[in-house]
Number of protein chains: 2
Amino acid sequence: MKISDLAKRCGLSAHTLRYYERIGLLPYADRDRSGQRDYDASILSWIEFLGRLKTTGMPIRDMLLYAKLADSGKVTFSERRKLLEVHRERVRANLADLEACLRVLDGKIASYAEAEERMRDDKRNIADTPARARA
Amino acid sequence: MKISDLAKRCGLSAHTLRYYERIGLLPYADRDRSGQRDYDASILSWIEFLGRLKTTGMPIRDMLLYAKLADSGKVTFSERRKLLEVHRERVRANLADLEACLRVLDGKIASYAEAEERMRDDKRNIADTPARARA
DNA sequence: TCTTGACTTAGAGTGCGCTCGAAGCCGTAG
DNA sequence: CTACGGCTTCGAGCGCACTCTAAGTCAAGA
């Protein structure tokens with residue numbers, strides 16, 4: 001698979017894929033005889049997992065640490081698990097924050113809706129009131 | 001209230017508060033006779049709301065738009081409501097994504113835990129096996 | 001009076017995560 | 001044969017949201 005094919009499949013740009021390889025987030029890809037990267041489809045699941053880490057707000061430097069551990073084989077299982085457990089707690093805390101914010105947002109939206117409703121009522125009342133009474 | 005007091009109360013640095021004022025996220029604060037900002041406590045609820053927007057991932061340029069609408073009084077109620085409704089949908093989508101990621105993370109952690117468990121079992125079995133059988 | 005420390009401004013610098021540009025190589029279609 | 005598109009590398013540039021520095025002012029306490 002060429003870099004543009006992989007880009008289409010995983011949703012990252014070719015630029016970004018090269019950047020990820022450069023910084024060590026993706027393993028050095030095999031090159032064909034003309035020097036072009038030739039990817040194995042198995043890279044997709046790794047990229048997908050990186051996407052999960054990214055979505056959940058893990059900074060690249062932490063992903064690099066995880067990638068380095070993953071390169072070192074089974075002996076780093078417990079380290080990797082601990083890293084993910086720590087991250088999971090951050091994600092949970094973040095989720096709780098977001099839910100709280102969402103409720104505030106709901107409240108704010110509702111209060112605007114009510115205010116708009118009241119303004120419509122006021123207009124109607126004025127319109128329904130005879131001109132003499134308004135003066 | 002001086003800027004350092006406000007900074008302590010709201011959790012932003014004085015630098016950031018001045019920056020927010022500069023870009024228009026905070027209203028121009030009254031200055032005392034020596035030119036120092038003198039804040040009214042009422043600014044706190046606005047800063048807190050900005051924090052909610054920030055937590056939920058709203059970029060500053062959108063907060064600026066909201067701030068500008070808020071400055072224009074009641075006539076922008078429905079615009080403000082719509083802006084927040086759009087944002088709320090993004091937040092909900094983001095929450096759903098995060099929850100999905102969290103489940104993936106749980107699965108990954110569980111698979112590491114199982115692998116570690118199996119490795120411990122293997123070691124124990126080897127230790128329990130008489131040396132002649134191991135040879 | 002002098003020192004201290006918090007404040008003021010304008011503007012430069014930082015860290016992150018890309019994103020793009022330039023210059024050049026390679027393989028295929030016309 | 002040549003033109004074209006897509007690939008290569010290296011390094012510069014960008015957008016965001018701060019974060020800090022420098023140079024100067026001011027008010028209160030020893």
Side-chain angles (χ1 to χ4, degrees), chain A residues 1-40 43 46-68 87 90-91 94 97 101, chain B residues 1-40 43 46-68 87 90-91 94 97 101:
Chain A
M1 197 174 10
K2 289 200 174 184
I3 200 167
S4 61
D5 302 325
L6 179 59
K8 267 166 223 152
R9 285 218 205 177
C10 72
L12 298 174
S13 71
H15 281 305
T16 302
L17 289 170
R18 286 189 209 101
Y19 165 69
Y20 278 3
E21 179 183 301
R22 209 156 67 208
I23 64 173
L25 213 46
L26 293 180
Y28 185 84
D30 291 341
R31 308 298 204 263
D32 65 18
R33 52 212 159 303
S34 78
Q36 299 190 5
R37 287 170 184 80
D38 189 8
Y39 290 100
D40 185 304
I43 198 75
W46 173 241
I47 292 174
E48 196 180 338
F49 186 63
L50 287 180
R52 303 288 188 179
L53 296 180
K54 184 185 162 186
T55 295
T56 50
M58 183 183 283
I60 284 184
R61 63 179 173 284
D62 291 0
M63 296 188 209
L64 281 176
L65 179 55
Y66 183 81
K68 218 177 148 195
H87 181 59
R90 281 193 299 257
V91 176
N94 186 227
D97 276 6
C101 288
Chain B
M1 194 173 15
K2 289 202 176 184
I3 198 167
S4 61
D5 302 325
L6 178 59
K8 266 166 222 149
R9 285 217 206 179
C10 74
L12 298 173
S13 71
H15 281 306
T16 300
L17 289 170
R18 286 190 210 101
Y19 165 69
Y20 279 3
E21 179 183 301
R22 207 156 66 208
I23 65 173
L25 212 46
L26 293 181
Y28 186 84
D30 291 340
R31 309 296 205 263
D32 65 17
R33 54 212 159 300
S34 78
Q36 299 190 5
R37 288 170 185 79
D38 190 7
Y39 291 99
D40 184 303
I43 196 75
W46 173 241
I47 292 174
E48 195 181 338
F49 185 63
L50 287 179
R52 303 288 188 180
L53 295 181
K54 184 184 164 185
T55 295
T56 51
M58 184 183 283
I60 283 184
R61 62 180 172 284
D62 291 0
M63 295 189 210
L64 281 176
L65 178 55
Y66 182 82
K68 218 176 147 196
H87 181 59
R90 281 194 298 258
V91 176
N94 186 227
D97 276 6
C101 287

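Note on naming: letters A, B, ... go to the chains in the order of the sequence lines (proteins, then strands), and numbering restarts at 1 for each one.
For B:D30, there are no side-chain hydrogen bond (donor to acceptor under 3.5 Å, both in side chains) partners at least two apart in sequence or on another chain. In this view, A:N94 satisfies the side-chain hydrogen bond (donor to acceptor under 3.5 Å, both in side chains) rule with no residue, not counting sequence neighbours. The side-chain hydrogen bond (donor to acceptor under 3.5 Å, both in side chains) search around B:D38 returns none, not counting sequence neighbours. Residues meeting the side-chain hydrogen bond (donor to acceptor under 3.5 Å, both in side chains) test with B:K8, sequence neighbours left out: none.
Pairs passing the side-chain hydrogen bond (donor to acceptor under 3.5 Å, both in side chains) check and including a residue from residues 13-22 of chain B, sequence neighbours excluded, read B:S13-B:T16, B:E21-B:R31, B:E21-B:R37. Among residues at least two apart or in separate chains, there is no side-chain hydrogen bond (donor to acceptor under 3.5 Å, both in side chains) pair with a member in residues 46-55 of chain B.
Here the P atom of nucleotide C:dC18 and the CG atom of A:L50 are 10 Å apart, to the nearest Å. Following rounding to the nearest Å, B:D30 (CG) and C:dC7 (P) show an atom-to-atom distance of 17 Å. The interatomic distance linking A:L12 (CG) with C:dC18 (P) rounds to 8 Å, in whole Å. In this structure, B:L26 places its CG atom 15 Å from P of D:dA17, rounding to the nearest Å. Atom pair A:D32:CG and C:dC25:P shows a separation of 17 Å (rounding to whole Å applied). Summarising the geometry, the separation between CG on B:L17 and P on D:dT19 is reported as 12 Å, rounded to the nearest angstrom.
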What side-chain donor-acceptor pairs closer than 3.5 Å can you find for residues 57-66 of chain B, not counting sequence neighbours?
residue	atom	partner	partner atom	Å
B:Y66	OH	A:Y112	OH	2.6

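A pairwise comparison of heavy atoms in B:C10 and B:L17 identifies SG-CD2, 4.1 Å as the closest pair.
Heavy-atom nearest nucleotides on DNA chain C were determined for A:R33 and for A:T16, and the one closer to the 5' end corresponds to A:T16.
The stretch residues 55-68 of chain A touches DNA chain C through A:P59, A:I60, A:R61, each having a heavy atom under 4.0 angstrom from the strand.
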Under a 4.0 Å heavy-atom criterion, the protein footprint on nucleotides 5-12 of chain D, written with B, S and -, is --SBB-B-
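The closest side-chain heavy-atom distance from B:I43 to B:P27 is below 4.5 Å.
Residue A:Y20 places at least one side-chain N or O under 4.0 Å from the OP1 or OP2 atom of C:dC18.
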